[in-house]
K.L.:
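Quick one: the structure is below, questions incoming.
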Amino acid sequence: QVQLVESGGGLGQAGGSLRLSCAASGSIISINTMGWYRQAPGKQRDLVATITSSGATNAADSVKGRFTISRDNAKNTVYLQMNSLKPEDTAVYYCNAEVTSRKSWPTYEDAWGQGTLVTVSS
């Protein structure tokens, strides 16, 4: 079983910074794209940013220039550096990964973390 565990959420100040981490563990063979999604109360889950195994990134327009996604393949970990926080960034942030495990091989399957709450006050 592949597990994703997020950390780093909490209370941030408008204009401040937070760094989220997501570590994957389990019977992992490889991880393709990893990403962050967020869901505000009463809203749908939206993409924040993604990063491929080779480092190509994509980010939502709402966070470009403020958030940076990165990964450490040796640690099976993806990060989201959030700068210049705004109150509208308040949401539960979910980690996602396309994972090939011993069970799913040779195909990828989506794995999701439990979510970490980010609250930005002003």
Side-chain angles (χ1 to χ4, degrees):
Q1 183 178 357
V2 176
Q3 298 175 347
L4 303 180
V5 180
E6 301 103 332
S7 62
L11 178 63
Q13 298 293 115
S17 298
L18 287 172
R19 190 189 192 209
L20 306 183
S21 299
C22 172
S25 62
S27 301
I28 298 170
I29 296 176
S30 63
I31 303 178
N32 192 21
T33 300
M34 304 184 79
W36 290 94
Y37 295 74
R38 66 186 182 184
Q39 186 170 22
K43 305 295 184 180
Q44 67 181 27
R45 186 176 299 185
D46 293 328
L47 181 146
V48 177
T50 60
I51 182 168
T52 69
S53 59
S54 61
T57 61
N58 180 53
D61 289 341
S62 60
V63 305
K64 286 182 178 177
R66 300 189 299 120
F67 292 6
T68 302
I69 188 170
S70 62
R71 64 192 287 172
D72 184 338
N73 290 334
K75 297 182 180 296
N76 289 330
T77 299
V78 63
Y79 306 94
L80 186 68
Q81 179 66 47
M82 303 186 293
N83 297 327
S84 301
L85 286 167
K86 301 177 180 180
E88 51 262 45
D89 295 322
T90 296
V92 176
Y93 285 70
Y94 295 92
C95 177
N96 169 259
E98 295 178 332
V99 182
T100 299
S101 66
R102 294 178 184 176
K103 180 177 297 185
S104 69
W105 183 90
T107 63
Y108 284 102
E109 62 180 311
D110 278 346
W112 290 89
Q114 80 288 348
T116 185
L117 177 63
V118 171
T119 302
V120 181
S121 63
S122 179

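One is the number of the first residue; the rest follow in order along the sequence. Predicted model, so just to flag it, every value in this text is computed and none were measured.
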K.L.:
Enter the distance from Asn76:CG to Ser25:OG here, rounded to the nearest 0.5 Å.
P.N.:
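Here the rounded value is 8.5 Å.
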
K.L.:
Would you check, one step at a time, whether the test side-chain hydrogen bond (donor to acceptor under 3.5 Å, both in side chains) holds for Ser121 with Gln13?
P.N.:
CA-CA 5 Å; Ser121 63; Gln13 298 293 115; 2.9 Å; yes

K.L.:
Following the transitive rule for hydrophobic clusters with a side-chain heavy-atom cut-off under 4.5 Å over Ile, Leu, Val, Met, Phe, Trp and Tyr, establish whether Ile28 and Val78 coincide in one cluster.
P.N.:
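Yes: a chain of side-chain contacts under 4.5 Å links Ile28 to Val78.
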
K.L.:
Are Ile51 and Phe67 in one and the same hydrophobic cluster, where Ile, Leu, Val, Met, Phe, Trp and Tyr link if side-chain heavy atoms are under 4.5 Å apart?
P.N.:
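Result: yes, single cluster for both.
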
K.L.:
Should Leu80 and Arg38 be marked as a side-chain contact (heavy atoms from CB on, under 4.5 Å) after you check the CA-CA gap, both sets of side-chain angles, and the distance that decides it?
P.N.:
CA-CA 12 Å; Leu80 186 68; Arg38 66 186 182 184; over 6 Å; no

K.L.:
Do the side chain of Glu109 and the main chain of Val99 share a donor and acceptor less than 3.5 angstrom apart?
P.N.:
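Here the side-chain-to-backbone pair does not exist.
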
K.L.:
Give me the atom names and distance for the closest heavy-atom approach of Leu47 to Asn58.
P.N.:
CD2-ND2, 4.3 Å

K.L.:
Report yes if some heavy atom in the side chain of Tyr79 is under 4.5 Å from a heavy atom in the side chain of Asp72; otherwise report no.
P.N.:
yes

K.L.:
Does the side chain of Gln1 come within less than 4.5 Å of Ser101's, by heavy atoms?
P.N.:
no

K.L.:
Considering all heavy atoms of both residues, which atom of Ser21 and which atom of Trp36 are nearest to each other, and what is their separation?
P.N.:
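Smallest interatomic distance, heavy atoms only, reads O-CH2, 3.7 Å.
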
K.L.:
Go through the steps to decide whether Asp61 and Lys64 satisfy the test salt bridge (Lys or Arg N to Asp or Glu O under 4.0 Å), and finish with yes or no.
P.N.:
CA-CA 5 Å; Asp61 289 341; Lys64 286 182 178 177; 3.2 Å; yes

K.L.:
Minimum heavy-atom separation for Ala91 to Ala40, with atom names?
P.N.:
CB-N, 3.8 Å

K.L.:
Taking atom CD of Glu88 and atom OG of Ser122, what is their separation to the nearest 0.5 Å?
P.N.:
9.5 Å

K.L.:
Can Ser30 and Trp105 be said to form a side-chain contact (heavy atoms from CB on, under 4.5 Å), step by step?
P.N.:
CA-CA 9 Å; Ser30 63; Trp105 183 90; over 6 Å; no

K.L.:
Tyr37 and ring pair (Phe, Tyr, Trp, His ring centres under 6.0 Å): which single residue from Tyr94, Tyr93, Trp112 fits?
P.N.:
Trp112

K.L.:
For the residue pair Lys75 and Thr77, what are the closest heavy atoms and their distance?
P.N.:
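For Lys75 and Thr77, the tightest heavy-atom pair comes out as O-OG1, 2.9 Å.
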
K.L.:
Of the non-hydrogen atoms in Val120 and Thr90, which two are nearest, and what is the gap between them?
P.N.:
N-OG1, 2.9 Å

K.L.:
Let me see the working for Ile31 and Val2 under side-chain contact (heavy atoms from CB on, under 4.5 Å), right down to the final yes or no.
P.N.:
CA-CA 11 Å; Ile31 303 178; Val2 176; over 6 Å; no

K.L.:
Quick one: closest heavy-atom pair of Gly10 and Leu18, and the distance?
P.N.:
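That closest heavy-atom pairing would be O-CD1, 4.1 Å.
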
K.L.:
Mind checking whether Met34 and Thr50 have side chains closer than 4.5 Å, heavy atoms only?
P.N.:
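No, side chains not in contact.
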
K.L.:
Flag the pair Arg66 / Met82 as yes when at least one side-chain heavy-atom distance between them is below 4.5 Å, and no otherwise.
P.N.:
no

